[in-house]
Undergrad: 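The structure under discussion is supplied below as structure tokens; questions concerning it will follow.
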Amino acid sequence: MDELLEQFLIESRDLIAVAAADFAALARNPQSTGSIDSAFRAIHTLKGSVAVFAMVPAEQVLHAAEDVLERARKGAIELDPETVAVLMACLDQIDRWVDDMERSGLLGSDAPAIADRVSRELSSTQSASPMDERASTLDDEWVARLIVREAEVLAQSAKPLIAFRYAPDADCFFRGDDPLAVVAAVPDLVALSIVPEAETWPRLDEIEPFSCFTVLEGLSTAPREVVSAAFRMMPDQVAYAALDGPSRRDEDRTPEPETRVSRVLRIDAARVEALGSALGELLVAINGVAPLAAQAESIAPGLASQIRSVQGNLERVTGDLQRTVSAVQAVPLEPTLRRLPRLVREIAQSLNKAVDFSMSGQDVEVDKQIADGLFEPLLHLLRNAIDHGIEPRDARALAGKPATGIVSLDIRRDCDTIVVRLTDDGAGMDPARIRRIALECGVLTPDAAETLSHGGILRLIFSAGFSTAETVSEMSGRGVGMNAVETAIEALRGTIDVESTPGRGSTFSLRLPANALMTRLLLVEAAGDRYGVSLDQVVETVGIGNDRLLPVGSGLACVLHGRTVPVLSLAALLGRSDRPQANAKLLLTRSGGEMVALRVDGFGERIDSLVRRPSGMLSSLPGVIGSTLLGDGGVLLVLDLPELAA
Amino acid sequence: MTVRIASDAIHLEGRCLVEDAETLLVAAQDHPHIPIDLGGAERLHMAVVQVLLAIGRPVRGAPADPFLAEYIAGRAIGGDIPIKSA
């Protein structure tokens, strides 16, 4: 892609996000001057950016939006929730056009018509809410116009400025006044405009040459009392406004979006990945020091302790380095999620449903890989929540619910895990219906249907080929949906769970590793070999007596925390033979939403490691996440427990 | 003579006072296609300047007076006529 366009896509979406946040704040409090100012700056900068590309309709819409904000800023109009909603719709349109630019480098052929319609909507809201006091509107309008007209002078002036507006009486010439001579005597005049009193200059055949039809507006750097002294003969014909200059006015504001943008250094993701990769090698190299110390122990114990001390230092420093590199890779989820509110509005509109969507925790930072991979599955879940979850308006009314459905997305960090919860207050899922459909779709056998738990039935929606949609809508219901979601989440080494109460709504919970760069591995032994398992897949490790393993059908189970858990042998799952052990060492994991215990021969140490995705022959092995190098040069296979246990 | 009509331009010269406004207006209507020259103007009354702005015709020449040169010949008229609000 063209580098300029690429930069534009990044920056314009940053600005759209800033403006969207400001509009959201304005929707709550339309008079928030900080938000009006910030939105104005974002829209203004955005207008400048789109002008570089063939995006004239976007420029037109942004100009109209800027105009409304500018007037609101100067107090010429008061924003109301309807106007804010129209502004938000404008921004949504710009966002769609930015998407168009990314796709094809062009706006659709309908763009000019859309721009006309949107601009008209804006200008109609603009005139709909004038301030009550006509006089103050006038005052503010002339100041606003003057600020725009004299922007250059204002920008260059370090001193505070006094703006004046001198509207001479129509018959002042008869009294011997020369307004131009009066203004020429204003000390430290830095700008002057002579404008018609009416909206335009009169036609020549309408001019009354001895009647004054002109207004003089200007700026002076002199103090107010000095400027007003120049007009002492006609105080009733002059209005003043103190302007502090743009820099001064900005001082008490919250950090500017421009500042935030410029503090960000954009680095090619490949370079950061290379850094992470090199760090992984370093960790592996350091893992080699411990065996060295052990070897030295027998020859020179003093040397061994020195080696251990060096090892400790190296581990501490690389630990810091690792946290720093992880932090570099970490990005806030916000840019990934910022398009969701707009898409929710579009989906809800196309399905004629009213949805109140809220997000929290977008500032949570995750590994870039996770951030990139999360958007599609989340969007899919949202579509489903609105399409299948939220009921049509009349059905909601019948159920005694408010007409507007509530969908919320909450993200929080729980140690090394990111927990994403998507909740709707819609119809919920009916287990009986899911069971019936699962049987019809053939994803469930009648035998299995008898034994499935409530949670197990809900999880059927993730099965390949399962679809609850009686009619396939445009939005969802093609039978690949939830299966695709689960696959996408699992590819990020995450898990997905669902809870639902019929009539009350559903909640999808996603758990994802916060840090994909380094994985904390637990070493386990099975069939005489060592394997790595990712700690974020391990719920618990327990050791129990063999007598607590109970035969159930053809397999084994045990009771843990009051629940019966199936016990599988890891060695057998790997196609190896079991070795008898005095005690059962169990590794608890979650597979398909159910707890499963895997029996291993022993637990080893915990290591931080860079897990490489499987390639070549390894990639065809089921149940393998990847591999990692050990300090002694050996290769460790990292197992995917849920897949193995499934 | 403060408003002088020549073949190439309407010249404003010397001290143009309130009564010159009507003369300028008539001259501009009679000669719709020639520019207005401010080079010889020493003083311009508001009444003259507002007619000049209403005529909206290109001006040329810069008056010696710095105020007139900057704000009348230069800024207020020369290519930077205040934007007429729609």
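In what follows, chains carry the letters A, B, and so on, assigned in the order in which the sequence lines appear, proteins first and then strands, with residues in each chain numbered from 1.
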Undergrad: For the NE2 atom on A:His63, are there more than 12 heavy atoms of other groups (residues, nucleotides or ligands in this structure) within a distance under 6.0 Å?
TA: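 Not more than 12 within 6.0 Å, no.
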Undergrad: Hey, what do you get for CG (A:Leu180) to CZ (B:Phe67), rounding to the nearest 0.5 Å?
TA: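 One gets 4.5 Å once the value is rounded to the nearest 0.5 Å.
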Undergrad: So, taking the atom named CE in B:Met46 and the one named CZ in A:Phe173, what distance separates them when rounded to the nearest 0.5 Å?
TA: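 Those atoms lie 6.0 Å apart.
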Undergrad: Which answer fits B:Ile55, side chain, backbone, both or neither, if we ask what part of it has an atom under 4.5 Å from a heavy atom of chain A?
TA: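 B:Ile55 touches chain A through backbone and side-chain heavy atoms alike.
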Undergrad: Report yes if some heavy atom in the side chain of B:Tyr71 is under 4.5 Å from a heavy atom in the side chain of A:Ile194; otherwise report no.
TA: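 No, too far: nothing below the 4.5 Å cut-off.
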Undergrad: Are the side chains of A:Asp178 and B:Val18 in touch, meaning some heavy atoms are under 4.5 Å apart?
TA: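 No, side chains not in contact.
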Undergrad: Hey, does A:Leu192 have a side-chain heavy atom less than 4.5 Å from the side chain of B:Glu70?
TA: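 Answer no - side chains too far apart.
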Undergrad: Evaluate whether atom CD of A:Glu152 has more than 12 neighbouring non-hydrogen atoms of other residues, nucleotides or ligands under 6.0 angstrom away.
TA: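 Counting neighbours around CD of A:Glu152, 12 or fewer heavy atoms of other residues, nucleotides or ligands fall under 6.0 Å, so no.
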Undergrad: Considering non-hydrogen atoms only, spot the tightest contact between A:Ile207 and B:Ala54 and give its length.
TA: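 Looking at all heavy atoms of both residues, the closest pair is CD1-CB, 3.5 Å.
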Undergrad: Heavy-atom distance under 4.5 Å between the side chains of A:Cys212 and B:Gln50, does that happen here?
TA: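 In contact.
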Undergrad: Got a sec: does the CD of A:Glu208 have more than 12 other heavy atoms crowding it under 6.0 Å?
TA: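 Check fails, neighbour count at 12 or below.
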Undergrad: Need one label for A:Leu189: side chain, backbone, both or neither, based on atoms under 4.5 Å from any heavy atom in chain B.
TA: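 It is both, since atoms from each part get that close.
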Undergrad: Counting heavy-atom pairs under 4.5 Å to chain A, which of B:Ala21, B:Ala28, B:Ala47 comes out on top?
TA: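 Between B:Ala21, B:Ala28, B:Ala47, the count favours B:Ala47.
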Undergrad: Taking atom CZ of A:Arg175 as the centre, report whether more than 12 heavy atoms of other residues, nucleotides or ligands fall under 6.0 Å from it.
TA: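 Buried by this count: over 12 neighbours within 6.0 Å.
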Undergrad: So for A:Asp177, is it side chain, backbone, both, or neither that comes closer than 4.5 Å to the heavy atoms of chain B?
TA: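 A:Asp177 touches chain B through backbone heavy atoms alone.
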